[in-house]
Amino acid sequence: LQLCRLHHAYDWRMGKLLVAALVGLGALLGEVTSDPPSCSTRPCIYRLRCASASCNRGEAAEFQQVLREAWRGDTIELQAGHTWAGNFQIDRAPGGEGWLTIRTSAWEMLPPRGARVTPSHARNFARILTPNFVTAILFPDGPASARNVRMTGLEIFPAASVNEDNADLVRVGNITARSVDELPEGIEFDRCYIHGALAGETRNAINANGRNIIVRDSYISEIKTSFVENHAFVSYNSPGPFTLVNNYIEASAIPILFGGAEPSIRSPMLPANLDMRYNYVTKALKWF
């Protein structure tokens, strides 16, 4: 209202400054677009962009909000080469059909399915960073546990050490679930790069207490600790099935472990239907 009283020439200059400020604010906040607009019909593709290579806190909050809004059958596409820092939770999405896909925007530049990714493909990954000692991606168990979520071309890693008892880079479910129906189901890691910090310690890469867990064509490395047992892939409380196909799997203690603790689901339960093929399981000589 005050601007309306100013001389028109000054008003014009102030208008240019206001436009420039709004453009700068838009760049600061990044961008979330969808196709179709406003997801008026399903399936919908959400496209998330950041103003800089390291997304700010508001942009990370936008990602979490989209995770809450998306339906099964939708796609969430994260800008390749950009880093979303935070601790993200994925619950059951509405909709009865299909998979919720979370993928890099450069997914077409990845090797085809059936070919393993390596760190050399890093520029084509969208990056999820845990900046603290808390899990980067959590799939809680319970009545609202996630169903049918596929992650494609994501790099998931910590800023420093993740070696606390309750810290895993990715956690699917928990050892506290009392019923198989409470476990997340249909969680797939497709051509993902999951690794610890080069100078830090990481206890678990994927703690997989769910049903129908799939890891394929992925690269898991730098999972190392100096004082506690660690795992690239571990499951304590699940009946399976599990699919681990064509992965690089590296951990200093036990790269792959099923069991190792009493399950909290008391019915007779042992993991079954394990499909493990073409994996390269190793321990890095440099750790010695």
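With sequence neighbours excluded, the residues that form a salt bridge (Lys or Arg N to Asp or Glu O under 4.0 Å) with Glu222 are Lys224, Lys286. Residues passing the side-chain hydrogen bond (donor to acceptor under 3.5 Å, both in side chains) test with Asn207, sequence neighbours excluded: Asp168, Asn209. Taking Asp190 as the reference, Arg113 meet the salt bridge (Lys or Arg N to Asp or Glu O under 4.0 Å) condition, with sequence neighbours excluded. Partners of Tyr219 by side-chain hydrogen bond (donor to acceptor under 3.5 Å, both in side chains), not counting sequence neighbours: none found. Residues meeting the side-chain hydrogen bond (donor to acceptor under 3.5 Å, both in side chains) test with Thr41, sequence neighbours left out: none. In terms of the ring pair (Phe, Tyr, Trp, His ring centres under 6.0 Å) criterion, Tyr278 has no residue partners (sequence neighbours excluded). For the side chain to side chain contact (heavy atoms under 4.5 Å, CB included) test, no residue two or more places apart in sequence or in another chain qualifies with Ser54. Contacts of Asp91 classified as side-chain hydrogen bond (donor to acceptor under 3.5 Å, both in side chains), with partners at least two apart in sequence or in another chain: Gln89. By the disulfide (SG to SG under 2.5 Å) test, Cys192 pairs with no residue at all, sequence neighbours left out. Qualifying salt bridge (Lys or Arg N to Asp or Glu O under 4.0 Å) partners for Arg68, counting only residues two or more places apart in sequence or in other chains: none.
Counting only distance, with no hydrogens or angles, the side chain of Gln64 and the backbone of Ala61 share no donor-acceptor pair below 3.5 Å. A side-chain donor-acceptor contact under 3.5 Å links Asn247 to the backbone of Ser218. A donor-acceptor pair is defined here as one N or O able to donate and one able to accept, closer than 3.5 Å; such a pair exists between the side chain of Ser179 and the backbone of Asp181. Side-chain atoms of Ser235 never come within 3.5 Å of backbone atoms of Phe258 as a donor-acceptor pair (strictly under, hydrogens ignored). No donor-acceptor pair under 3.5 Å is formed between the side chain of Thr135 and the backbone N or O of Leu138. Side chain of Arg147 to backbone of Ser145: a donor-acceptor contact under 3.5 angstrom is found. Of the possible donor and acceptor atoms, none in the side chain of Asn279 sits under 3.5 Å from a partner among the backbone N and O of Val281. Judged by distance alone, the side chain of Thr83 and the main-chain N or O of Arg127 form no donor-acceptor pair under 3.5 Å.
Residues Glu188 and Arg216 are paired through a salt bridge, judged by an N-O separation under 4.0 Å between the basic side chain and the carboxylate. The pair Asp74-Arg72 does not count as a salt bridge, with every side-chain nitrogen at least 4.0 angstrom from each carboxylate oxygen. Note on Arg123 versus Glu155: no salt bridge recorded, every NZ/NE/NH1/NH2 to OD/OE distance being 4.0 Å or above.
Between Ile223 and Gly196, the shortest heavy-atom contact is CD1-N, 3.9 Å. Annotation for Ala205 and Ile194: closest pair CB-CG2, 4.1 Å, computed over non-hydrogen atoms. Smallest separation of non-hydrogen atoms from Ser34 and Cys39: OG-N, 3.5 Å. The two residues Ala159 and Ala197 make their nearest non-hydrogen contact at O-CB, 4.3 Å. Looking at every heavy atom in both residues, Phe242 comes nearest to Pro271 through CE1-CB, 4.0 Å. The two atoms that bring Ile76 and Ala70 nearest to each other are CD1-CB, 4.0 Å, heavy atoms only.
Between Ser238 and Ile213 the shortest side-chain heavy-atom distance does not fall below 4.5 Å. Looking only at side-chain heavy atoms (C-beta outward), Pro255 and Glu250 stay at 4.5 Å or farther from each other. Looking only at side-chain heavy atoms (C-beta outward), Val170 and Phe189 come within less than 4.5 Å of each other. Counting heavy atoms from C-beta on, the side chains of Asp35 and Arg47 come closer than 4.5 Å. Side-chain contact between Ile256 and Ile249 is present, with heavy atoms from C-beta onward closer than 4.5 Å. With contacts defined as side-chain heavy-atom distances shorter than 4.5 Å, the pair Ile137/Ile90 qualifies. Inter-residue side-chain proximity for Glu31 and Leu48 is flagged as unmet; no heavy-atom pair is nearer than 4.5 Å. Considering only heavy atoms from C-beta on, Ile102 comes within 4.5 Å of Val149 through its side chain.
The disulfide (SG to SG under 2.5 Å) contacts involving residues 203-246 comprise nothing, where partners must be two or more places apart or lie in separate chains. Within the structure, ring-ring contact (aromatic ring centres under 6.0 Å, His included) contacts touching residues 136-159 (residues at least two apart or in different chains) are Phe157-His195.
Here Ile206 contributes atom CD1 and Ile187 contributes atom CD1; the two are 11.0 Å apart, rounded to the nearest 0.5 Å. We find the OG1-CG distance between Thr243 and Asn273 to be 9.0 Å, quoted to the nearest 0.5 Å.
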Would Glu201 and Ser226 count as a side chain to side chain donor-acceptor pair (under 3.5 Å) if you check the C-alpha gap in whole Å, the side-chain angles of each, and the deciding distance to 0.1 Å? CA-CA 8 Å; Glu201 299 191 355; Ser226 59; 2.8 Å; yes
Run the salt bridge (charged side-chain N to carboxylate O under 4.0 Å, His left out) test on Glu62 and Arg57 for me, step by step, so that the C-alpha distance in whole Å, both residues' side-chain angles and the decisive distance to 0.1 Å come before the verdict. CA-CA 9 Å; Glu62 289 173 340; Arg57 185 175 300 177; over 6 Å; no
Could you walk me through whether Thr202 and Asn204 pass the side chain to side chain donor-acceptor pair (under 3.5 Å) test, one step at a time? CA-CA 6 Å; Thr202 300; Asn204 296 316; over 6 Å; no
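A donor-acceptor pair shorter than 3.5 Å cannot be found between the side chains of Thr118 and Arg116. Side-chain contact annotation: Asn124 with Thr104, donor-acceptor N/O pair under 3.5 Å absent. Counted by atom type alone, Asn230 and Arg203 present zero donor-acceptor pairs between their side chains at under 3.5 Å.
Under the 30°/60° scheme for interplanar angles, the aromatic rings of His82 and Trp84 are found to be tilted.
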